[in-house]
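Since the structure comes first, as structure tokens, the remarks are kept for the end.
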Amino acid sequence: MPHLIIDGYNYINRIRTSPAGAGSSLDMLRRSFLDRLVQYKKLKSIKLTVVFDAYNSLSPGRQRENYKGIDVVYSGEKETADDVIIGWIREKKAGIIAVSSDRAIIDEAKRHGVAFLTPPGMEALMTMDTSGKDAESDETDRQSGKKRGNPRKLSKKLRKSTKTIGKI
């Protein structure tokens, strides 16, 4: 069973157009994100762990909670979410997929042969899977004669003619 380990605040800040605020707004963003993951988890048989930074917290150790089947970890004092995730990558348990855009995590994943996704890539997967479209419906689209490919790209014939026109 795949185990997604997500850098929580990194994901939220990469997907949002403006940076996450402080206080109740941050809590609201965190809960909204976790609720979306709960919906995704219902569709897939995966284990989800989300790691949030609690670098300046008063708690000396890591805090854990279970949010509707998702394991949520808050880093300990003088420890970042990146440190936690890199530690798990180094343990190299089977089936881990790290989700972050932090260069340190991606480099460590590459070094240890652990799969990784960026937040936009994960968001695309979640959007595609929650839209209800699956491989079977994709196959029927191909068989029904719907066109595939980039609709904004000109056909070969038109590209050739455009290139010829460009030479004039």
Side-chain angles (χ1 to χ4, degrees), residues 1-131 133-135 138 148-150 152-153:
M1 173 187 312
H3 181 187
L4 282 174
I5 300 174
I6 302 172
D7 187 351
Y9 290 134
N10 176 272
Y11 190 99
I12 290 170
N13 286 325
R14 292 290 181 245
I15 297 305
R16 287 179 38 83
T17 54
S18 61
S24 63
S25 174
L26 188 58
D27 187 49
M28 182 187 72
L29 289 171
R30 191 171 46 238
R31 293 297 171 197
S32 171
F33 171 57
L34 290 173
D35 286 335
R36 286 197 59 230
L37 288 175
V38 167
Q39 294 303 315
Y40 183 69
K41 187 175 177 7
K42 286 180 183 177
L43 298 172
K44 302 289 182 178
S45 61
I46 56 174
K47 182 177 180 184
L48 276 170
T49 302
V50 181
V51 184
F52 290 108
D53 285 309
Y55 186 76
N56 293 328
S57 73
L58 300 174
S59 174
R62 292 181 190 160
Q63 300 291 317
R64 286 183 175 263
E65 72 178 26
N66 187 331
Y67 185 82
K68 300 177 184 178
I70 296 175
D71 191 24
V72 180
V73 177
Y74 297 94
S75 64
E77 183 181 22
K78 297 183 179 168
E79 175 181 56
T80 64
D82 294 4
D83 298 334
V84 175
I85 295 170
I86 287 171
W88 288 338
I89 288 172
R90 287 179 179 158
E91 290 174 11
K92 203 172 160 183
K93 294 180 182 172
I96 288 179
I97 302 169
V99 180
S100 179
S101 62
D102 285 341
R103 178 57 48 200
I105 292 174
I106 291 172
D107 288 345
E108 199 67 28
K110 286 179 182 177
R111 203 171 299 127
H112 290 281
V114 172
F116 66 91
L117 280 170
T118 61
M122 179 66 189
E123 187 69 16
L125 283 176
M126 286 175 45
T127 303
M128 184 172 51
D129 287 337
T130 56
S131 70
K133 201 159 168 86
D134 54 44
D138 200 30
R148 297 187 48 183
N150 187 347
R152 294 184 194 114
K153 190 173 181 180

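Remember, it's a predicted structure, so these values are computed and weren't measured experimentally.
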- Message: Would you compute the distance between atom CZ of Arg31 and atom OH of Tyr67 and round it to the nearest 0.5 angstrom?
- Response: 5.5 Å
- Task: Could you verify whether a donor N or O on one side chain and an acceptor N or O on the other, from Asp83 and Thr80, lie under 3.5 Å apart?
- Result: yes
- Provide the full list of ring pair (Phe, Tyr, Trp, His ring centres under 6.0 Å) pairs with a residue in residues 73-105, sequence neighbours left out, each pair given once. Phe52-Tyr74
- Query: Do side-chain atoms of Ser32 reach the backbone of Met28 as a donor and acceptor pair under 3.5 angstrom?
  - Reply: no
- Query: So does Lys47 have more than 12 non-hydrogen atoms from other groups sitting under 6.0 Å from NZ?
  - Reply: no
- Task: Could you check if a side-chain atom of Thr118 sits within less than 4.5 angstrom of a side-chain atom of Arg14, using non-hydrogen atoms only?
- Result: no
- Message: Would you compute the distance between atom CD1 of Ile12 and atom CG of Leu29 and round it to the nearest 0.5 angstrom?
- Response: 6.0 Å
- Message: Quick check: do Phe33 and Ile6 have side-chain heavy atoms less than 4.5 Å from each other?
- Response: yes
- With rounding to the nearest 0.5 Å, note down the distance linking CZ in Arg36 to CD in Glu123. 4.0 Å
- Of all heavy-atom pairs linking Val84 and Ser75, the shortest is CG2-CB, 4.0 Å
- Query: Side chains of Val72 and Arg30: does their closest heavy-atom pair fall under 4.5 Å?
  - Reply: no
- Closest approach of Pro119 to Asn10 (non-hydrogen atoms, all atoms of both residues): CG-OD1, 3.5 Å
- Message: Once rounded to the nearest 0.5 Å, what's the spacing between atom CG of Leu37 and atom OG1 of Thr49?
- Response: 10.5 Å
- Query: So, for Lys68 and Asp35, which heavy atoms are closest and what is the spacing to 0.1 Å?
  - Reply: NZ-OD1, 3.5 Å
- On a heavy-atom basis, the closest approach of Asp7 and Ser100 is OD2-OG, 3.4 Å
- Can you name the closest pair of heavy atoms from Val50 and Gly8 and give their distance? CG1-CA, 3.8 Å
- Stepwise side-chain contact (heavy atoms from CB on, under 4.5 Å) test for Phe116 and Ile105: CA-CA 9 Å; Phe116 66 91; Ile105 292 174; over 6 Å; no
- Query: How long is the gap from CG on Asp53 to CG on Asp82, to the nearest 0.5 Å?
  - Reply: 6.5 Å
- Once you round to the nearest 0.5 Å, how far does CG of Leu117 lie from CD1 of Ile5? 12.5 Å
- Task: Sequence neighbours left out, what passes side chain to side chain contact (heavy atoms under 4.5 Å, CB included) with Arg90? Give chain and number order.
- Result: Ile86, Glu108, His112
